[in-house]
Amino acid sequence: MRYSEAMSSSIDKNAFDRGVDPALTIVFSSDKARSLVDYRADETLQCRIEELARKCNEGALTEDERSEYEGYVRANNFIAILQAKARKVLANAGG
């Protein structure tokens, strides 16, 4: 499974947005939204993800590595969605 394939999702985006957007506007203060937008994985974690991505693209992952990598991909996807929503909260708040 290539990185782009692992990033694809079968969820209905509109349903996800309808379920998540109202809750985020309640939970996110401007400071919390900004912190989430600015979040980045630490260097050690980023290096591990890059190593697994390279091995995935080469077809060289073990089953344990594939499971680990898929977990990181799902977490990254979720964080990216939250960051996009946090940006929307900030834009609507003028900040």
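This one's a predicted model, so the numbers in the text were calculated from it and none came from an experiment.
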Neighbour count above 12 (heavy atom, 6.0 Å) for Glu43 CD:
no

Check the hydrophobic clustering (I, L, V, M, F, W, Y; side-chain heavy atoms under 4.5 Å; chains of links allowed) and say if Leu61 and Leu45 are grouped together.
yes

Can you tell me how far the OG atom of Ser35 sits from the CD atom of Gln83, to the nearest 0.5 Å?
11.0 Å

Assess whether atom NZ of Lys55 is packed by more than 12 heavy atoms of other residues, nucleotides or ligands within 6.0 Å.
yes

Tell me if a side-chain donor or acceptor on Glu65 pairs with a main-chain N or O of Thr62 at a distance below 3.5 Å.
yes

Is Arg54 salt-bridged to Glu58, going by a charged N under 4.0 Å from an acidic O?
yes

Quick check: closest heavy atoms across Ala86 and Ala33, and the distance to 0.1 Å?
CB-O, 3.7 Å

Under 4.5 Å between side-chain heavy atoms, hopping through other hydrophobics if needed: is there a path connecting Leu82 to Val89?
yes

Gap between atom CD of Gln46 and atom OG1 of Thr44 - 0.5 Å precision
10.5 Å

CG of Leu90 to NZ of Lys32: how many Å apart, nearest 0.5 Å?
13.5 Å

How long is the straight-line distance from CG of Leu52 back to SG of Cys47, given to the nearest 0.5 Å?
11.5 Å

Find the distance between CD1 (Ile81) and CG (Asn76) and round it off to the nearest 0.5 Å.
11.0 Å

Tyr72 side, atom OH; Cys56 side, atom SG - distance, nearest 0.5 Å
14.0 Å

